[in-house]
Amino acid sequence: MVAMKKSFFDALMIIIMGALLSIVVYFNLDELFLKFAMIPLLIFYFVGQYSQREFGRVGKDTT
């Protein structure tokens with residue numbers, strides 16, 4: 001897999017979340033989004049779990 005820095009990964013997730021919410025607001029999909037809000041929340045939860053596994057040990061001191 002391509003090596004990715006944690007800060008780049010975090011910024012990418014913030015941009016994706018912002019784009020998703022901007023689309024919801026722009027197209028006035030707030031009622032639909034409220035019905036299915038758990039789907040993006042679960043996606044970002046599992047992406048966070050992946051991020052923790054990949055970047056959790058980076059920068060930690062083992063002493």
Side-chain angles (χ1 to χ4, degrees):
M1 177 167 229
V2 175
M4 197 180 319
K5 291 187 177 182
K6 185 179 185 313
S7 58
F8 177 76
F9 187 81
D10 290 343
L12 182 65
M13 287 299 108
I14 290 169
I15 289 170
I16 290 172
M17 286 187 282
L20 175 68
L21 291 176
S22 294
I23 291 169
V24 167
V25 170
Y26 183 78
F27 290 111
N28 199 19
L29 299 172
D30 51 348
E31 291 246 348
L32 182 67
F33 183 74
L34 287 175
K35 291 178 185 174
F36 297 104
M38 287 301 292
I39 294 170
L41 290 175
L42 285 172
I43 290 170
F44 286 114
Y45 170 77
F46 286 111
V47 167
Q49 293 292 316
Y50 168 78
S51 172
Q52 182 63 32
R53 273 194 312 259
E54 287 294 314
F55 304 114
R57 295 182 185 149
V58 174
K60 286 190 178 180
D61 193 15
T62 59
T63 57

If Ile, Leu, Val, Met, Phe, Trp and Tyr residues are connected whenever their side-chain heavy atoms lie under 4.5 Å apart, and connections chain through other members, are Y50 and M17 in the same group?
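Yes: a chain of side-chain contacts under 4.5 Å links Y50 to M17.
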
Do L42 and F36 share a hydrophobic cluster (ILVMFWY, side-chain heavy atoms under 4.5 Å, transitive)?
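No, separate clusters.
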
Holding to side-chain contact (heavy atoms from CB on, under 4.5 Å), I want the full list of residues that pass it with L12, two or more places apart in sequence or in another chain.
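Checked L12 against side-chain contact (heavy atoms from CB on, under 4.5 Å); matches are I16.
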
Which residues pass the side-chain contact (heavy atoms from CB on, under 4.5 Å) test with I43, not counting sequence neighbours?
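Only I39, V47 meet the side-chain contact (heavy atoms from CB on, under 4.5 Å) criterion with I43.
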
Inter- and intrachain pairs under side-chain hydrogen bond (donor to acceptor under 3.5 Å, both in side chains), touching residues 6-30, at least two apart
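Sorted pair list: K6-D10.
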
CZ of F44 to CD of Q49: how many Å apart, nearest 0.5 Å?
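Separation between the atoms: 14.5 Å.
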
When rounded to the nearest 0.5 angstrom, what distance separates CG in L29 from CG in L21?
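Separation between the atoms: 11.5 Å.
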
